[in-house]
Amino acid sequence: MEAEGAAMIHVLDVLRDRGFVEQTTDEANLRELLRSPTTCYIGFDPTASSFHVGSLVPIMALAHMQRAGHRPIALVGGGTAMIGDPSGKTEMRRLLTRDQIEANAQGLKVQLARFLDFDDGALLLNNADWLLGLNYIEFLRDVGVHFSVNRMLAAESYRQRLETGLNFIEFNYMLLQAYDFLHLFRHFGCRVQMGGNDQWGNIVAGVELIRRTEGQAAHAITFPLITTASGAKMGKTAQGAIWLDPALTSPYDFYQYWINTEDPDVERFLGLFTFLPMDRVRELGRLEGAAIREAKEVLAFEVTRLVHGEAEARRARDASLALFGGGGRLDKAPTHEVDPARLVEGIEAFVLLHEAGLTKSRGEARRLIGQGGAYLHGEPIRSFDQRITVTDLKDGVILLRAGKKKHCVIRPAREG
RNA sequence: GGUGGGGUUCCCGAGUGGUCAAAGGGAGCAGACUGUAAAUCUGCCGGCGACGCCUUCGGAGGUUCGAAUCCUCCCCCCACCA
């Protein structure tokens, strides 16, 4: 790989350029280290069977590493998940059983495989493999000795929790994560750990542990906390998290999430969540006014393609264009089927709106209609009990809309 | 274990016998304005074929014509002390 090395941009610059880097340990040495193939890792919590958009940053970072010729390790925290990382969080996490964690880890691997090539060096490990068998006394003697409680208490990650209460099990989290790093260093020659900036203290604890026990240098790279321009956490909406699993968040909804990106975030997100060349990213970022929608379409399409594949991305885009622009196909749009017999009689609008999942209750549907926010084929529905019947079918479907963005295609169910 | 303070609708947080489905703020939703963006203004914001009915104020009982509000027991949380 060194053949084209001269022309290649250093990974660190790639990451920095794209907005991945918040802080690093001693940059000169890190930079030197990364000139040759290096093993690096990021830990992921198996607290669910799917990643959500918030995990895309570390996943992309690992992918960039592999593209640059390094070996990425995705470490599933099967052991640490049984404890719960207190970093930055105000409440203790609920503990999971081994079975749940195992099942979750399987789901995560499938998703990671879209970004990492496990046949070409990338590894998926589970720290339960070495943490669960630890002997307490030995651990205290070998690892515990290297930690100063005073320093741990000074760590930002523990400071907040000190005010509300931090229990002993959580207090040990830093030691275990440091031990993970040491283990990976010993068995896989891993020298770099990456993670969110809230992990800084934990990562550096590992770096120090390696230096003290092995006399070797290891490094840390942390990512900035990614929030939207208005301060919301990435991937969280009022409806819940945006998942990568298509069974939890449909490709259409996933695509819509990105289309609705706030203007000031577009360029930053293109850098973080796509592999588009930065020249192209900056070019798209320069678009202004309504033209910036074009950049959002590129963003939405690219991210959806990475996560769900080309075909699904196209279908999501088609459905989006069909519902919002006209033209395009409705195949993948949200759909609700009703019994044709009921359409002959007619279904009250507020009932149908609720059934189609456009409102949470019938009462909400009534209010929506009352406020003029419910539409039938683009026309406001006038009264809450207006009957929707077969005569409302157009091209075999009825298009309902709640507000500006929530659509549903009503289809008569086929007898079969 | 002791003492004191708490658990209210998605979140924060008022409310100490009726006027409470419960102030205020946030979040969310809709309309206007727009570009499927942001900001702003206005309205909505437990459920129900609905000017009424039903279910909510940690849980279970009780007092009362009437309880989120009073009493009893229980559960949980926090602070200080041990």
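Chain letters run A, B, ... following the sequence lines, proteins first, then strands; residues in each count from 1. What you are looking at is a predicted structure, and each value in this text was computed from that prediction instead of being measured.
Remark: rC45(B) base-pairs with no nucleotide in the shown strands. Criterion, Watson-Crick or G-U wobble with two distances under 3.5 Å. rC80(B) and rG2(B) make up a base pair, with Watson-Crick or G-U wobble contacts both under 3.5 Å. Partner assigned to rA22(B) is none, using Watson-Crick or G-U wobble distances below 3.5 angstrom. Base pairing annotation: rC73(B) forms a Watson-Crick or G-U wobble pair with rG59(B), both donor-acceptor distances under 3.5 Å.
Side-chain proximity of Tyr375(A) to the nucleotides rG31(B), rG47(B), rA30(B) is greatest for rG31(B). Closest approach to the Lys296(A) side chain among rG47(B), rG35(B), rG31(B) is made by rG35(B) (side chain taken as heavy atoms from C-beta onward). Considering only the side chain of Asp263(A), rA37(B) comes nearest among rA37(B), rG49(B), rG31(B). Listed nucleotides: rC48(B), rA37(B), rG49(B). Nearest to the side chain of Glu262(A): rA37(B). For Asn260(A), the listed nucleotide lying nearest its side chain is rU36(B); candidates were rA38(B), rG49(B), rU36(B). In this structure, of rC29(B), rG31(B), rG47(B), it is rC29(B) that holds the atom nearest to the side chain of Leu368(A). With rG47(B), rU36(B), rG35(B) as the candidates, the nucleotide lying closest to the side chain of Phe324(A) is rU36(B). Between rU36(B), rC44(B), rG49(B), one nucleotide has an atom nearer to the side chain of Gln256(A) than all others, and that is rU36(B).
Within 4.0 Å of Phe384(A), counting heavy atoms only, lies no atom of the nucleic acid at all. No contact: Ala374(A) has no heavy atom under 4.0 Å from any strand. At the heavy-atom level, Gly372(A) lies under 4.0 Å from the strands shown only through sugar-phosphate atoms. In this structure, Ile259(A) reaches the bases: a heavy-atom distance under 4.0 Å links it to at least one base atom across the strands shown. Nucleic acid contact class of Tyr257(A) (heavy atoms, under 4.0 Å, all strands): none. Counting any heavy atom pair closer than 4.0 Å across all strands shown, Gly289(A) reaches a base atom.
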Quiz prompt | Verdict with supporting geometry, Arg282(A) and Leu270(A), side chain to side chain contact (heavy atoms under 4.5 Å, CB included) | solution = CA-CA 9 Å; Arg282(A) 294 199 183 89; Leu270(A) 280 165; over 6 Å; no
Practice problem: Let me see the working for Thr25(A) and Trp200(A) under side chain to side chain contact (heavy atoms under 4.5 Å, CB included), right down to the final yes or no. | Solution: CA-CA 10 Å; Thr25(A) 45; Trp200(A) 178 255; 4.0 Å; yes
Quiz prompt | Evaluation steps, side chain to side chain contact (heavy atoms under 4.5 Å, CB included), between Leu225(A) and Glu22(A) | solution = CA-CA 8 Å; Leu225(A) 175 65; Glu22(A) 172 83 22; over 6 Å; no
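The side chain of Lys404(A) places an N or O atom within less than 4.0 Å of a non-bridging phosphate oxygen (OP1 or OP2) of rG31(B). Put simply, Ser320(A) has no side-chain N or O that comes within less than 4.0 Å of OP1 or OP2 on rU36(B). Checking the phosphate oxygens (OP1, OP2) of rA37(B), no side-chain nitrogen or oxygen of Thr261(A) falls inside 4.0 Å. Here Arg293(A) reaches the OP1 or OP2 of rU36(B): one of its side-chain N or O atoms lies under 4.0 Å away. Between Lys405(A) and rA37(B) there is a side-chain polar atom (N or O) within less than 4.0 angstrom of OP1 or OP2.
Between the CZ atom of Arg367(A) and the P atom of rG31(B) there is a distance of 15 Å, given to the nearest Å. Rounded to whole Å, atom P of rC48(B) lies 9 Å from atom CZ of Phe350(A). Rounded to whole Å, the distance from CZ on Arg268(A) to P on rA37(B) is 18 Å. Rounded to an integer number of Å, the gap from CG of Leu299(A) to P of rA37(B) is 15 Å. For the pair Glu294(A) CD and rU36(B) P, the interatomic distance rounds to 14 Å; values are reported in whole Å. Spacing between atom CG of Leu284(A) and atom P of rA37(B) amounts to 19 Å, rounded to whole angstrom units. Distance CD (Glu297(A)) to P (rG35(B)): 15 Å, rounded to an integer number of Å. What separates CZ of Phe254(A) from P of rU36(B) is a distance of 22 Å, to the nearest Å.
A gap of 9 Å separates the C1' atoms of rG28(B) and rC10(B), to the nearest Å. Taking the C1' atoms as reference points, rU19(B) lies 16 Å from rA68(B), given to the whole Å. To the nearest whole angstrom, the two P atoms, one in rC44(B) and one in rG24(B), are 11 Å apart. When the C1' atom is used for both rC57(B) and rG52(B), the distance is 23 Å, rounded to whole Å. Comparing the same atom, C1', in rA21(B) and in rC51(B) gives a spacing of 16 Å after rounding to whole Å. Nucleotides rU36(B) and rA23(B) place their P atoms 36 Å apart, quoted to the nearest Å. Look at the P atom in both rG26(B) and rA39(B): the space between them is 13 Å, to the nearest Å. Nucleotides rU69(B) and rU56(B) are separated by 13 Å at their P atoms, to the nearest Å.
Nearest-nucleotide mapping onto RNA chain B: of Lys360(A) and Glu288(A), the residue sitting toward the 5' end is Lys360(A). Residues Glu364(A) and Ser230(A) both approach RNA chain B. Their nearest nucleotides, taken by heavy-atom distance, put Ser230(A) toward the 5′ side.
Two rings, from Trp258(A) and Phe273(A), have their centers less than 6.0 Å apart. Checked against the 6.0 Å centroid threshold, Phe324(A) and His407(A) count as a close aromatic pair.
Interatomic distance, CD1 of Ile221(A) versus CE of Met194(A), reported as 6.0 Å (0.5 Å rounding). The CG atom of Leu75(A) sits 8.5 Å away from atom CD of Gln177(A), with the distance rounded to the nearest 0.5 Å.
With hydrogens and angles left out, the side chain of Gln371(A) and the base of rG43(B) share a donor-acceptor pair within 3.5 Å.
Between Phe51(A) and Phe44(A), the two ring planes are perpendicular [angle over 60°; tilted spans 30° to 60°].
A donor-acceptor pair under 3.5 Å is absent between the side-chain atoms of Asp265(A) and the main chain of Thr228(A), judged by distance alone.
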